[in-house]
Amino acid sequence: MKKISGVIALMALIFCMFGAQSAGKEEMTIAVEAEPSQIVAPTECYVLFLLQGSGVTMVAAKTVADEKLHSFSTDAGKIVPSVKVKAATVNAGTREFTSHSSERDTFIPTITRVLICTLPVDEVQAVALLDLGIKAGLTPFCGSPIDGSMSSAIYYGVKDPAPILDSLQKDGVQELKAEAEKLSVLRRGKTGKLIALATRPDIPARGGNLSFERIGISLPTAFCSVDKRKVKVSLKMTGVF
């Protein structure tokens with residue numbers, strides 16, 4: 001009787017072990033991440049300026065700023081026919097508004113604008129525009145990103161990164177599957193189907209956001225570089241299997 005009981009107990013133990021192993025091979029929920037990226041050639045160039053117009057009144061200052069903008073835009077079109085000049089007013093106040101002290105400084109009515117000149121990727125034309133702006137009394141907007149990794153008045157970017165991001169997503173899904181399979185093997189399980197996917201462009205902290213003289217602006221694209229040859233486009237992905 002004792003032998004029979006021992007055999008039954010042993011069979012029960014083997015059954016439990018087998019059941020545990022079998023359960024371990026069942027589909028399990030696994031979350032994995034991937035960051036596919038690609039180095040691409042820029043598709044457009046940006047030349048940045050600060051433009052100021054001062055006068056005895058704010059109305060007079062605006063008139064001066066408008067005239068400067070019109071004159072520069074006209075001359076810029078002669079150098080680069082396809083150039084697009086976008087102006088944005090960043091301050092309507094005094095000239096040295098970033099350091100002005102009402103107790104120490106005289107108020108000088110001034111309109112301050114940021115100009116973003118968009119043109120094809122051509123360093124020669126970009127430098128020519130920079131010279132033109134300096135001669136016209138504009139200040140090169142030598143913008144620095146938040147992380148301080150670069151500082152320039154000329155940037156290069158990818159106008160439409162959507163097709164590149166779509167391609168990266170396809171590659172990223174394969175990376176996610178491979179990573180999920182590795183984890184499932186380590187956990188003695190198996191990978192199920194992709195049940196959830198989250199993606200977002202892997203935009204650096206700078207992300208096209210620049211600062212100069214305490215003035216912050218955003219470039220037309222988040223994927224940009226000071227390098228005329230290459231721009232990094234990347235994607236953050238999280239998959240649940």
Side-chain angles (χ1 to χ4, degrees), residues 3-46 116 118 121 143-152 155-211 216-241:
K3 289 183 179 181
I4 295 175
S5 299
V7 171
I8 294 174
L10 180 60
M11 291 177 65
L13 179 61
I14 293 173
F15 178 81
C16 290
M17 292 177 64
F18 178 78
Q21 291 177 352
S22 298
K25 293 181 180 180
E26 291 180 355
E27 293 184 1
M28 57 182 65
T29 301
I30 298 177
V32 289
E33 296 181 344
E35 295 183 20
S37 63
Q38 184 178 349
I39 301 297
V40 300
T43 59
E44 56 186 13
C45 174
Y46 315 109
I116 300 179
T118 302
V121 180
S144 297
I146 296 174
D147 60 8
S149 60
M150 52 184 139
S151 179
S152 178
Y155 279 83
Y156 300 89
V158 179
K159 180 179 181 180
D160 182 16
I164 302 171
L165 292 172
D166 288 343
S167 177
L168 289 176
Q169 181 170 322
K170 293 178 182 178
D171 296 337
V173 169
Q174 298 305 315
E175 291 183 28
L176 292 172
K177 288 181 179 179
E179 186 63 25
E181 289 174 357
K182 289 180 183 179
L183 289 176
S184 64
V185 169
L186 292 175
R187 297 181 182 181
R188 296 181 180 181
K190 60 181 180 179
T191 307
K193 295 181 179 180
L194 180 64
I195 58 177
L197 177 65
T199 65
R200 66 180 177 85
D202 185 15
I203 300 173
R206 55 184 181 273
N209 297 316
L210 307 176
S211 177
I217 68 166
S218 294
L219 292 175
T221 176
F223 295 105
C224 55
S225 169
V226 295
D227 193 332
K228 65 180 180 180
R229 300 165 300 173
K230 59 185 180 181
V231 176
K232 182 180 180 181
V233 179
S234 53
L235 188 66
K236 281 187 177 292
M237 302 179 64
T238 301
V240 179
F241 293 83

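- Here Gln38 pairs with Val40, Ile164, Leu168 under the side chain to side chain contact (heavy atoms under 4.5 Å, CB included) rule; sequence neighbours left out.
- Here the closest heavy-atom approach between residue Thr118 and residue Pro220 is recorded as OG1-CG, 4.4 Å.
- Across all non-hydrogen atoms, the minimal contact from Leu194 to Gly239 is CD1-CA, 4.0 Å.
- To the nearest 0.5 Å, atom OG of residue Ser225 and atom OH of residue Tyr155 are 9.0 Å apart.
- Residue pairs satisfying the salt bridge (charged side-chain N to carboxylate O under 4.0 Å, His left out) criterion with at least one member in residues 157-173, sequence neighbours excluded, are absent.
- Atom CG of Leu165 sits about 8.5 Å away from atom OG1 of Thr199, to the nearest 0.5 Å.
- Using a 4.5 Å cut-off on side-chain heavy atoms (C-beta onward), Leu197 and Leu176 make contact.
- Residues satisfying the side chain to side chain donor-acceptor pair (under 3.5 Å) criterion with Glu44, sequence neighbours excluded, are Tyr46.
- Exactly one of Glu175, Lys177, Glu181, Lys182 qualifies for a side-chain contact (heavy atoms from CB on, under 4.5 Å) with Glu179. That residue is Lys182.
- For the pair Leu219 and Cys224, the tightest heavy-atom approach, listed with the atom from each and the gap, is CD1-SG, 3.7 Å.
- Taking CG from Leu235 and OG from Ser37, the interatomic distance works out to 10.0 Å, rounded to the nearest 0.5 Å.
- Applying the side chain to side chain donor-acceptor pair (under 3.5 Å) test to pairs two or more places apart or on separate chains, those with a residue in residues 229-241 are Glu35-Lys236, Asp202-Ser234, Asp227-Arg229.
- Remark: Val240 pairs with Thr29, Ala31, Ile195, Ala196 by the side chain to side chain contact (heavy atoms under 4.5 Å, CB included) rule, at least two apart or across chains.
- Scanning all heavy atoms of the two residues, the minimum distance from Gly143 to Leu210 falls at CA-CB, 4.0 Å.
- Every side chain to side chain donor-acceptor pair (under 3.5 Å) that Lys228 has, sequence neighbours left out, goes to Glu123.
- A 4.5 Å side-chain heavy-atom check between Phe223 and Pro201 finds at least one atom pair inside the cut-off.
- Side chain of Ser144 to main chain of Ser151: no donor-acceptor pair is present (N/O by atom type, distance under 3.5 Å, no hydrogens or angles).
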